[in-house]
Number of protein chains: 2
Amino acid sequence: MTNNTPVTLKFLAEKLKMSVSTVSKALNNYPTINEYTKKRVQEMARELHFTPNKSAINLKEKKSRIIGIILPNLLDHFFTRSIYGVEQFATQNGYNVIISQSHDDLEKEIQSANMLLRSRVDGLIVAISKHTQDFAHLDQFENMGIPVVYYTRNPSFNLSCHKVLGNTFQGCYKATQFLINRGHKKIAYLGGPKMINFTHDRFNGYINALKDNGVPFSADLVAYTDFDKENTISAIQNLFDNPQNTPTALVAFKEPILFDAIKYLRSINHPNLDQIECIGFGNTSFISYLDSPPIASVEENPESVGENAIKLLLQLINREIDMENYQKVMVDCKLIVHEA
Amino acid sequence: MTNNTPVTLKFLAEKLKMSVSTVSKALNNYPTINEYTKKRVQEMARELHFTPNKSAINLKEKKSRIIGIILPNLLDHFFTRSIYGVEQFATQNGYNVIISQSHDDLEKEIQSANMLLRSRVDGLIVAISKHTQDFAHLDQFENMGIPVVYYTRNPSFNLSCHKVLGNTFQGCYKATQFLINRGHKKIAYLGGPKMINFTHDRFNGYINALKDNGVPFSADLVAYTDFDKENTISAIQNLFDNPQNTPTALVAFKEPILFDAIKYLRSINHPNLDQIECIGFGNTSFISYLDSPPIASVEENPESVGENAIKLLLQLINREIDMENYQKVMVDCKLIVHEA
DNA sequence: TTGTACGCGTTATCAA
DNA sequence: TTGATAACGCGTACAA
């Protein structure tokens, strides 16, 4: 019953008293093989639980049908949701996916890249770590002819690479306009880390929405934070401490930041907190449990971002798009209004 | 600069005008190889970005140094946190990890298993799907001599397999005792799906804590739900609708369920809601944003569960533990009290 | 100290 | 219709 070592073609061939190549062809349904022979082989293979060795096939075919994904963190639902989009489309097309977390550590990212390179992935999808400045470990792939698609977190200064991004400008524009349409004039923008490009793209969406709707811009209504709670609180203090210019609405870079902000405002019993309307990027499922929930969320459609990334990657792998013909794909955001 | 095809040992050998085996030995630091030769080879390898082909090595070594993980869902932080524990210890020991989601779909789980089998993983860690009754796709591994460790979600009736589990009995006991110590006499237990073993283990912990502390048990204080909101609400109605026996505390199977429960009680303005003290399994980071937060959480230590799973698996792989010598490892839970 | 030869499991070409 | 053989990239026993 339990045969300790994997069954190989050779083993099957010996059992069936025929050649390895006939067995191989029978299993792969070659037209030149006798139907009866096929039947015998396939039955025996099933009976003995034959499982082809992928390493051997990879070696022969010089391709692995594996897609590598490097991303910072699986705790962030944006990324896990994006994986779903990648997986769906990848398996449909006969590809498997290997996920590797960098934990926002450059060293770990390099290790992941090398591991995937050794595994000869056919393509790479990557969201770079916070600290990635040098790209040698990722450029290796392209130098070996393996296409790379950057998604979400990408080298913003570098135009010579393939990118799939959420249209964060559009998302922030929509959020701001929604608040304007609800009658707000003093809409604050709480940005994220200034090194991250999205911070500025979103700011531009905010600014443009104000301009297009004739709402005056005030620098007092803009502040920045990172993902640290203390910094968020002091940013919020800056925004809300001026009594003659208190915001009536807030657009925040990310929902976790927004939650910290709201929590702080509640903790100090900020007047009219209930009238302040907030929107953050994320659309966390948790929102329904909050007592002062955001009025809406910017849904970044991570599944769609992932799907677009794998679609582009497969086109590159199949040489339907030239590797030097650098693509930039933008995925629109959607404003989700939360019911009261 | 960009050489389209991967550099092989053969290519290096030609460049250096020596044999493939010398190159191989030089790169693997064989003592019989001249130091100067080693230097030359290693320099050339670096210069040309030589990356050994893992498929070729796997084939040769008859092992992949890859651990497969099959789990239901990456959206559940329990699993993503457990992966962290696995990864840490795996990479320390020179193993890589391939993660595969079943999405609680048996068909997908079978596909994942077959994929990992073809990849000749050296070991498998698996949390089974809700619908896994038949285990043929997982038994294959053991039949091929590949050890399998079930973690968290496991075939509870089957004692002939290796398991690593959270000690959910102990967790629930602790939670209940904590509430008793705070003076509660009417502590409700809101269990999960009755098919899941953990539901009953936790119930036993609850019951035993009551008994050991001389608190009388009342069947009215026990209800069950699944992860569906509607069912949770009707379970809560059953628990709290009897005015002469209203619980003053609640132990819930999982925090998402608990949040639905609390939300409902708030929505109906349940009297004295603020005095009701709740505990759920999970310890979600989100708790700090809630207005009526649980007083404590049962932290299941998923990282530790993952780490114990990989440790056991590596021992099985290294034949330090016999495959037939079935192990059951329990990882204690910790009660986390939330500051006001 | 280096090189030759073989095999890992599979597929493909060509010959029988 | 089937079989022998070479090749994929690498490691290693053995020969030189």
Side-chain angles (χ1 to χ4, degrees), chain A residues 3-42 44-45 48-66 117-122 144-146, chain B residues 3-42 44-45 48-66 117-122 144-146:
Chain A
N3 48 316
N4 253 5
T5 169
V7 176
T8 64
L9 289 186
K10 199 211 276 189
F11 184 79
L12 286 180
E14 279 163 11
K15 278 265 177 201
L16 291 158
K17 296 188 196 310
M18 40 195 211
S19 79
V20 175
S21 59
T22 306
V23 174
S24 168
K25 287 173 193 163
L27 289 174
N28 291 311
N29 243 309
Y30 264 55
T32 70
I33 301 291
N34 185 307
E35 278 305 318
Y36 175 63
T37 309
K38 280 190 195 170
K39 212 151 265 168
R40 279 184 63 215
V41 172
Q42 288 166 359
M44 180 67 79
L48 266 49
H49 298 107
F50 168 75
T51 312
N53 185 322
K54 209 158 183 299
S55 289
I57 296 177
N58 291 172
L59 197 57
K60 190 94 241 291
E61 312 269 282
K62 290 175 162 247
K63 53 190 293 199
S64 60
R65 299 196 80 83
I66 294 178
L117 205 58
R118 278 194 294 275
S119 299
R120 295 287 188 276
V121 293
D122 292 341
M144 278 178 52
I146 302 172
Chain B
N3 48 314
N4 253 6
T5 170
V7 176
T8 65
L9 288 187
K10 198 211 276 191
F11 184 78
L12 286 180
E14 279 162 11
K15 277 266 177 200
L16 291 159
K17 295 184 198 309
M18 39 196 209
S19 78
V20 175
S21 66
T22 306
V23 174
S24 168
K25 288 173 191 163
L27 289 175
N28 290 311
N29 242 311
Y30 264 54
T32 69
I33 299 291
N34 186 306
E35 278 306 318
Y36 175 63
T37 309
K38 279 190 195 169
K39 212 149 265 168
R40 277 183 64 214
V41 173
Q42 288 167 359
M44 181 67 79
L48 266 49
H49 298 105
F50 169 75
T51 312
N53 184 322
K54 208 157 183 299
S55 289
I57 296 176
N58 291 172
L59 198 57
K60 188 96 243 290
E61 312 268 283
K62 291 175 159 246
K63 53 192 290 201
S64 61
R65 298 197 81 81
I66 295 177
L117 205 59
R118 279 193 294 273
S119 300
R120 293 291 187 275
V121 293
D122 292 341
M144 279 179 50
I146 302 171

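Lettering follows sequence order; numbering is per chain, from 1.
For the pair Arg120(B) and Thr51(A), the minimum side-chain heavy-atom distance is below 4.5 Å. Looking at Met18(B) and Val41(B), their side chains come closer than 4.5 Å, going by heavy atoms from C-beta outward. With a 4.5 Å cut-off on side-chain heavy atoms, Gln42(B) and Leu27(B) count as touching. Counting heavy atoms from C-beta on, the side chains of Pro6(A) and Asn53(A) never come closer than 4.5 Å.
As rounded to whole Å, 17 Å separates atom P of dA7(D) from atom CG of Leu9(B). In this entry the distance linking CG of Asn58(B) with P of dG7(C) reads 20 Å, nearest Å. Lys38(A) places its NZ atom 9 Å from the P atom of dT1(D), with the value rounded to the nearest Å. Put simply, NZ on Lys39(A) is 17 Å from C1' on dT1(D), counting in whole angstrom units. One atom, CG of Asn53(A), and another, P of dT11(C), lie 10 Å apart when rounded to the nearest Å. One interatomic measurement links the two molecules: CZ of Arg118(A) to P of dG11(D), which rounds to 12 Å at whole-angstrom precision. Rounding to whole angstrom units, CD1 of residue Ile33(A) and P of dT11(C) are separated by 13 Å. Summarising the geometry, the separation between NZ on Lys63(B) and P on dG7(C) is reported as 23 Å, rounded to the nearest angstrom.
Both Ala56(B) and Thr22(B) lie close to DNA chain D; mapped to their nearest nucleotides by heavy-atom distance, the more 5′-ward contact belongs to Ala56(B). Nucleotides of DNA chain C nearest to Tyr30(A) and Leu59(A) differ in position, and the one nearer the 5' end is that of Leu59(A).
When every heavy atom of Ile146(A) is checked against every heavy atom of Leu117(A), the shortest pair comes out as CD1-CD1, 4.1 Å.
With distances taken from any side-chain atom of Ser21(B) to the nucleotides dT4(C), dA4(D), dC8(C), the minimum falls on dT4(C). Of the listed nucleotides (dT1(C), dT2(D), dG11(D)), dG11(D) has the atom at the smallest distance from the side chain of Glu61(B). Looking at the side chain of Ile57(B), the nearest of the listed nucleotides dT12(D), dC10(D), dG9(D) is dC10(D). Closest contact between the side chain of Lys62(A) and the listed nucleotides dG9(D), dT2(D), dT1(C) involves dG9(D).
Across all strands shown, Ser24(A) has heavy atoms under 4.0 Å from base atoms, whether or not it also approaches the sugar-phosphate. Residue contacts for Phe50(A): at a heavy-atom cut-off of 4.0 Å it reaches the sugar-phosphate backbone alone, with no base atom in range. Residue contacts for Ser55(A): at a heavy-atom cut-off of 4.0 Å it reaches no nucleic acid atom on any strand shown.
For Ser19(B) and dG3(C), the shortest distance from a side-chain N or O to OP1 or OP2 is below 4.0 Å. Taking 4.0 angstrom as the limit, Lys10(A) places none of its side-chain polar atoms (N or O) nearer than this to OP1 or OP2 of dG7(C). Side-chain nitrogen and oxygen atoms of Asn28(A) include at least one within less than 4.0 Å of the OP1 or OP2 phosphate oxygen of dT11(C).
If you check distances only, the side chain of Lys25(A) does reach the base of dG3(D) with a donor-acceptor pair under 3.5 Å. Judged by distance alone with a 3.5 Å cut-off, no donor-acceptor contact links the side chain of Lys60(A) to the base of dT10(C).
The environment of Lys15(A) atom NZ is sparse: at most 12 non-hydrogen atoms of other residues, nucleotides or ligands sit within 6.0 angstrom.
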